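Step one of this worksheet: look at the structure below.
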Protein chains: 6
Amino acid sequence: MQAPDKVGRAKILGVHSRSVPLDPEVDLEALASATPGMVGADLANVVNEAALIAARREHSAVRQGDLTDALEKIVLGTERSVVQSESDRRRIAYHEGGHAIVGMLTPGADPVRKVSIIPRGQALGVTMSAPDADVFNYEESYLRGKIKVALGGRVAEELTFGTITTGAESDIQQATQLARGMVGRWGMSEEIGFVAVESQNGNGPLLPGVSDTSEATQRMVDAEVRRIIEEAHEDVRNLLERERERLDSLAESLLRDETLDESDAYRAAGIDRVAAPA
Amino acid sequence: MQAPDKVGRAKILGVHSRSVPLDPEVDLEALASATPGMVGADLANVVNEAALIAARREHSAVRQGDLTDALEKIVLGTERSVVQSESDRRRIAYHEGGHAIVGMLTPGADPVRKVSIIPRGQALGVTMSAPDADVFNYEESYLRGKIKVALGGRVAEELTFGTITTGAESDIQQATQLARGMVGRWGMSEEIGFVAVESQNGNGPLLPGVSDTSEATQRMVDAEVRRIIEEAHEDVRNLLERERERLDSLAESLLRDETLDESDAYRAAGIDRVAAPA
Amino acid sequence: MQAPDKVGRAKILGVHSRSVPLDPEVDLEALASATPGMVGADLANVVNEAALIAARREHSAVRQGDLTDALEKIVLGTERSVVQSESDRRRIAYHEGGHAIVGMLTPGADPVRKVSIIPRGQALGVTMSAPDADVFNYEESYLRGKIKVALGGRVAEELTFGTITTGAESDIQQATQLARGMVGRWGMSEEIGFVAVESQNGNGPLLPGVSDTSEATQRMVDAEVRRIIEEAHEDVRNLLERERERLDSLAESLLRDETLDESDAYRAAGIDRVAAPA
Amino acid sequence: MQAPDKVGRAKILGVHSRSVPLDPEVDLEALASATPGMVGADLANVVNEAALIAARREHSAVRQGDLTDALEKIVLGTERSVVQSESDRRRIAYHEGGHAIVGMLTPGADPVRKVSIIPRGQALGVTMSAPDADVFNYEESYLRGKIKVALGGRVAEELTFGTITTGAESDIQQATQLARGMVGRWGMSEEIGFVAVESQNGNGPLLPGVSDTSEATQRMVDAEVRRIIEEAHEDVRNLLERERERLDSLAESLLRDETLDESDAYRAAGIDRVAAPA
Amino acid sequence: MQAPDKVGRAKILGVHSRSVPLDPEVDLEALASATPGMVGADLANVVNEAALIAARREHSAVRQGDLTDALEKIVLGTERSVVQSESDRRRIAYHEGGHAIVGMLTPGADPVRKVSIIPRGQALGVTMSAPDADVFNYEESYLRGKIKVALGGRVAEELTFGTITTGAESDIQQATQLARGMVGRWGMSEEIGFVAVESQNGNGPLLPGVSDTSEATQRMVDAEVRRIIEEAHEDVRNLLERERERLDSLAESLLRDETLDESDAYRAAGIDRVAAPA
Amino acid sequence: MQAPDKVGRAKILGVHSRSVPLDPEVDLEALASATPGMVGADLANVVNEAALIAARREHSAVRQGDLTDALEKIVLGTERSVVQSESDRRRIAYHEGGHAIVGMLTPGADPVRKVSIIPRGQALGVTMSAPDADVFNYEESYLRGKIKVALGGRVAEELTFGTITTGAESDIQQATQLARGMVGRWGMSEEIGFVAVESQNGNGPLLPGVSDTSEATQRMVDAEVRRIIEEAHEDVRNLLERERERLDSLAESLLRDETLDESDAYRAAGIDRVAAPA
């Protein structure tokens with residue numbers, strides 16, 4: 001099924017909120033902007049959850065804040081209270097701060113929508129980014145930016161504490177997956193060229209009747225993936241060393257406020273959010 | 001089941017349209033030309049869809065335009081409206097324009113039937129090509145031409161915007177599949193020679209009782225695939241640099257008109273469609 | 001089940017044709033010669049099909065021609081009418097002519113029984129060869145001859161048109177399969193020696209309890225297969241260059257008559273069919 | 001399901017012990033500290049087992065000791081009496097002593113909670129370590145520490161008896177698993193970098209559509225794993241040679257008392273347990 | 001189930017022939033010698049088949065010849081009449097003669113019991129060998145002898161006709177299987193040593209928990225297998241060149257008599273069958 | 001399920017023999033010593049079988065000899081009478097003698113409990129060894145000793161007869177399995193170090209999420225396995241050359257008496273069984 005685009009999502013939200021009292025200031029288009037990839041059932045879910053939250057908060061009508069909190073709860077999971085040492089909190093604040101600073105300062109990267117060090121679901125913290133409009137094609141620079149954002153957490157930890165942890169596992173998977181896609185699916189490595197590299201698992205009908213990819217090609221893929229990530233790593237290290245003060249400032253704000261929305265996060269980092277609001 | 005040839009398809013269309021009022025100018029042979037590979041059920045489907053379209057348009061009889069629109073809807077999916085930035089539209093116009101210009105200027109390539117930047121199904125744009133007559137054997141130059149057409153989209157983006165995107169993924173798969181077939185199935189690589197390269201998946205009974213293909217041969221296959229695609233890439237780059245004006249002109253027409261049929265597309269590109277009409 | 005030999009097939013044909021009126025000139029032994037590998041059910045099928053054909057042709061008794069047409073229909077599929085360009089017909093005529101000339105001039109190769117450019121089933125043309133008597137063992141030279149016949153189609157196209165097509169795919173598979181068998185199963189490569197090369201698929205119990213074939217051996221197998229096919233290719237190129245006139249003459253006859261039986265084909269090629277009739 | 005944190009576990013223990021007479025000195029928070037990773041059903045199990053033990057011991061209320069014995073029985077299995085030679089007992093005492101001394105003297109390693117040479121379940125002895133608080137991220141130094149603790153048993157045997165046994169099999173597996181995770185999942189090898197190394201088994205969707213990891217990368221992973229373990233091995237050898245007297249003293253205490261709890265173990269080794277009590 | 005030994009087989013034959021009239025000269029012990037590996041059901045089968053043959057031949061009692069013919073029919077399949085050219089018969093006579101001469105002249109090889117060029121089942125000819133007594137262990141020289149016998153057929157063809165055929169396929173498989181067993185299972189290669197080489201198929205539990213055999217070892221296995229077969233090949237070539245007259249004489253006898261039993265075969269070859277009769 | 005230790009087995013034997021009249025001299029503890037690894041059902045089986053044997057022998061009570069014969073029958077299978085040549089018997093006597101002499105003279109190896117050349121089940125002879133007490137950990141020297149004992153049979157054959165046979169197949173498997181375990185599971189190879197080498201079959205969860213073992217490591221494993229076995233082979237060859245007289249003497253006793261129990265075997269070899277009786 002084709003996911004609806006922003007216009008479609010706004011219409012669907014309109015339908016689902018008919019039977020719910022909406023505060024006049026609610027802006028369903030803004031909510032539509034924030035829900036790329038969602039289909040009808042997801043959007044209905046957001047509206048229902050917002051109604052429950054509003055009831056619990058004894059609002060006479062569903063407010064914008066109820067809707068965004070409902071969206072967060074659905075996307076990120078419920079907040080959990082966890083007993084953490086102060087040093088664990090600092091590490092997470094710098095990790096998320098690293099993702100966020102890199103996201104804010106990498107040209108073309110998705111704007112940072114929220115940064116939080118409150119544990120939710122499996123995650124100990126979260127940095128949420130989203131484009132201002134639906135995106136259908138990704139430019140190479142955008143992918144490199146996403147890899148950099150993924151690396152930002154680990155690099156910030158390294159610069160600040162001089163040590164690294166297992167906490168970057170999913171960042172590493174994401175960066176690797178993007179880099180392998182660039183090399184093996186999207187023709188973004190000169191070494192491999194405009195060639196799709198066949199998968200041995202599952203992707204059987206891609207290239208029927210011919211041999212598997214050679215070890216020589218696999219080695220080249222690995223080397224290119226490594227190169228792409230290394231280059232991103234170097235850029236991120238330089239960026240965060242240069243912007244150390246912004247990182248400190250953002251991390252301090254996180255330690256104090258735990259969750260920062262888009263404008264607070266950019267303000268804490270001392271960065272102008274220049275893109276037009278969604 | 002054997003798909004019918006053009007003569008057969010024309011007969012089948014005749015049978016299925018007996019119960020439908022046809023405009024006297026309808027040319028079922030032209031429709032038969034445009035439906036290679038379709039079997040009886042597909043053709044019946046086209047006629048039925050055309051009847052529905054004609055009814056919606058309040059035509060008293062099914063016209064040729066109703067039939068071709070029905071065919072398009074079935075082959076390409078329904079048009080979708082998507083909110084796109086102007087820069088996204090420009091990129092798609094140049095991408096499809098690149099496919100089309102290469103298709104128009106590569107000797108022996110299938111004529112371009114339609115170019116469009118209206119999103120349909122999963123695709124953001126489409127360049128449709130089809131031969132004037134059923135083809136049963138493919139010449140090596142024809143396959144190289146098809147690879148070039150596949151590369152045309154990415155190269156046009158690169159020349160115009162200096163950047164590349166993930167949008168070429170299926171083009172890369174198609175080019176790779178053709179090149180691997182040339183090397184491993186059709187004996188078109190001197191390095192591999194007149195030898196079939198055994199598949200490890202599924203194709204078990206091809207060469208029973210003997211060992212798998214060696215890594216050395218797989219490496220050679222990979223290198224040949226790479227070479228074929230590189231050569232095509234270079235040709236396409238030279239062609240589109242040389243024909244930059246035609247590309248600009250076609251892209252501009254696409255941005256203005258969104259969809260160009262065969263004659264409009266050739267006219268917009270300033271290219272004579274010399275082949276005899278189907 | 002053991003397939004019957006020629007004597008057995010003649011007896012089986014006798015049994016199945018008891019209830020069918022046979023023209024006195026029918027020669028069941030000749031038919032038996034032409035059906036190696038067939039079992040009782042296949043032969044019954046031929047007789048039944050011949051009875052249908054005879055009925056359709058309003059013959060009062062089944063004639064030899066009805067039987068051979070029935071055999072052809074069963075072995076090769078029904079003739080199809082396809083709209084082909086003249087250039088496609090020429091290409092096919094030279095392709096089949098190439099198979100046939102190589103078959104006629106390679107000492108020890110099976111005599112050519114029929115050449116046709118009428119599409120049947122999936123094939124666009126056919127060159128049928130069969131030995132004069134049942135064969136149980138194949139000499140190395142016979143296998144090399146079969147590889148040459150397989151290559152004859154592509155080489156004839158190349159010499160005549162200077163271009164190659166995808167039409168040789170099944171020829172390539174056959175040549176590769178024969179060459180791999182020579183190397184890996186029949187001890188006909190000095191490099192590999194009198195050693196069976198284990199299959200990784202299916203052939204598990206062949207050599208239980210020991211390791212798989214090494215990459216080094218697989219590389220040697222690939223190289224030997226390549227060498228055998230290269231040598232055959234060179235011989236075929238020399239042969240067809242030398243016998244170009246015969247090829248032209250046979251191809252012209254095919255373009256005119258579409259199907260040539262054994263004696264017509266040899267006559268068109270200007271070659272004496274010296275072997276004793278079956 | 002998300003495992004509860006320490007606060008949550010204390011609450012769950014409170015719920016499950018409502019129907020059980022608890023000695024007033026029972027400290028459920030201490031028990032919660034000792035049960036990281038346990039979920040509701042596990043904690044209920046501990047309370048029930050403690051009630052049975054208390055009944056068997058004719059305690060009028062469940063005491064702290066009943067709870068910790070119940071926990072041990074569930075985590076480690078029931079004690080078994082096995083006829084062992086004195087030399088086997090000595091070897092086990094030094095093996096467990098080695099784990100424990102390394103655990104006590106490696107900065108940042110989890111405190112040693114218990115050491116025992118009484119066979120339980122499949123194990124001939126046990127050294128139990130646990131952090132003072134729930135841990136969510138593991139630092140690289142912590143992982144290296146865990147590898148060292150795993151190696152401590154074998155090294156102690158080697159230093160003391162000059163010989164090695166099969167008894168370190170699960171230690172070897174644990175050390176290898178940690179080192180492979182450091183290299184392939186957590187980006188802790190400079191040679192491999194911030195790259196996830198794809199698994200061939202099961203982990204299919206990690207990197208869909210691209211080739212497998214090359215042999216060259218696998219070789220690098222193996223070498224890095226080897227290096228990490230070698231470095232840990234050298235450190236452990238130096239540590240245990242230097243701290244030989246502590247090892248002897250701890251082993252002697254184990255031979256005499258068979259089981260040592262946290263404070264007895266640290267005292268026997270002559271090491272200050274400086275970390276704050278949980 | 002354990003197959004009975006010779007003494008056991010004689011007893012079982014006695015039981016099954018109680019209800020059958022036996023000619024007084026029948027020697028059940030001789031039949032027991034000729035049926036190693038057979039179990040009760042097989043032996044009962046032989047007796048029943050012999051009774052049928054005796055009935056067909058109108059013998060008043062089952063004779064020794066009826067029993068051995070019954071055994072042959074069961075072991076080798078029924079004789080088939082096949083129309084063969086004289087040159088095919090000669091080739092088969094030399095092929096079987098080659099097996100037989102090598103078997104007769106290789107010290108320690110099983111005596112040749114019968115040679116025949118009458119097609120049976122799938123085979124065009126047969127050379128049957130069997131030891132004088134049950135064998136439980138095979139000496140290396142015996143295995144090398146068996147490889148030589150397997151090679152004897154192809155070498156005899158090569159020496160006599162200068163050409164080779166596909167007819168040696170099962171000989172090649174047998175020789176390869178024996179040589180791979182010598183190298184990988186029975187410790188008879190100095191290069192591999194007293195090491196079992198693990199199979200990748202099926203033989204999983206042989207060496208659980210450790211890695212697969214390396215390519216380096218597989219290459220060594222392949223090279224050793226090749227060496228063993230090459231050495232045998234050379235010996236066989238020398239032997240058959242030297243004993244060419246015996247081969248000619250045996251082959252001529254086969255062409256004349258089609259089947260030779262043990263004494264006739266040795267006589268035709270001019271070789272003393274020195275071993276004591278079974 | 002945990003197998004009981006010696007104390008446990010003695011108790012279980014006591015329970016199962018309650019309903020059986022036991023000779024007062026029966027020593028169930030000695031039987032318990034001889035049944036390591038057996039569980040309740042196995043031990044019950046031994047007692048029942050002993051009762052049957054005692055009944056057949058018309059003993060009024062079950063004697064120790066009935067129990068040990070029952071144990072043997074269950075562990076080794078029933079004795080079979082096989083017609084063997086004298087040379088086969090000599091070979092087996094030297095093969096088993098080789099195992100036994102190496103077992104008797106290798107320090108720390110399990111004492112030899114019985115040597116026999118009477119075929120049982122699939123085996124043509126047997127050398128049974130068992131420790132004096134349950135063992136839980138195996139020292140490296142013990143494993144090397146076991147490899148040597150496995151090699152003893154083949155080496156004795158080689159020294160005595162100058163030839164080798166297929167009879168060592170299971171010895172080769174055992175030696176290989178032990179050596180691979182030493183290298184890949186128990187950290188006993190300096191080349192591989194304290195690293196577990198991952199299996200490709202079945203052992204999936206050992207090291208999840210990381211790549212397979214590299215060919216380079218597999219090659220190292222193979223080389224280490226080879227080295228360990230070679231060293232053992234050399235030691236065994238030296239030992240048996242030096243102790244040739246003991247080997248001859250033991251083999252002669254075996255040929256005369258067919259089965260030797262522990263004390264007879266040591267006496268025949270002229271070796272003091274110094275270890276304390278079980």
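Keep in mind that what you see is a predicted model, and the values were worked out from it rather than measured. Computed from heavy atoms alone, side chains included, the values below leave out hydrogens, waters and symmetry copies. The chains referred to below are lettered A, B, ... by the order of the sequence lines, with proteins before strands, and numbering in each begins at 1.
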Return the CD to CD distance between F/Gln218 and D/Glu215, rounded to the nearest 0.5 Å.
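Reported to 0.5 Å precision, the distance equals 8.0 Å.
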At what distance, to the nearest 0.5 angstrom, does NZ of F/Lys6 lie from CD of D/Gln84?
13.5 Å
Any donor and acceptor pair, going by atom type alone, linking the side chain of [X] with main-chain N or O of [Y] inside 3.5 Å?
| X | Y | result |
| --- | --- | --- |
| D/Glu169 | F/Ala196 | no |
| D/Arg154 | F/Gly187 | yes |
| F/Arg185 | D/Ile172 | no |
| F/Glu139 | D/Thr163 | no |
| F/Asn137 | D/Thr165 | no |

Testing the basics here: between D/Arg226 and F/Val195, what is the closest heavy-atom pair and its distance to 0.1 Å?
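Minimum heavy-atom separation between D/Arg226 and F/Val195: CD-CG2, 4.1 Å.
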Validation row: F/Phe194, D/Asp171 side chains within 4.5 angstrom (heavy atoms)
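A side-chain contact under 4.5 Å exists here.
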Relative to chain F, which segment of D/Ile229 carries a heavy atom at a distance below 4.5 Å: side chain, backbone, both, or neither?
side chain
Pick whichever of D/Leu151, D/Val225, D/Ile92 has the most heavy-atom pairs under 4.5 Å with chain F.
D/Leu151
Take atom [atom1] of [X] as the centre, draw a 6.0 Å sphere, and report whether it contains more than 12 heavy atoms from other residues, nucleotides or ligands.
| X | atom1 | result |
| --- | --- | --- |
| D/Glu231 | CD | yes |
| F/Glu190 | CD | no |
| F/Glu29 | CD | no |

Region of F/Ile192 that comes under 4.5 Å of a non-hydrogen atom in chain D
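For F/Ile192, the backbone is the part near chain D, not the side chain.
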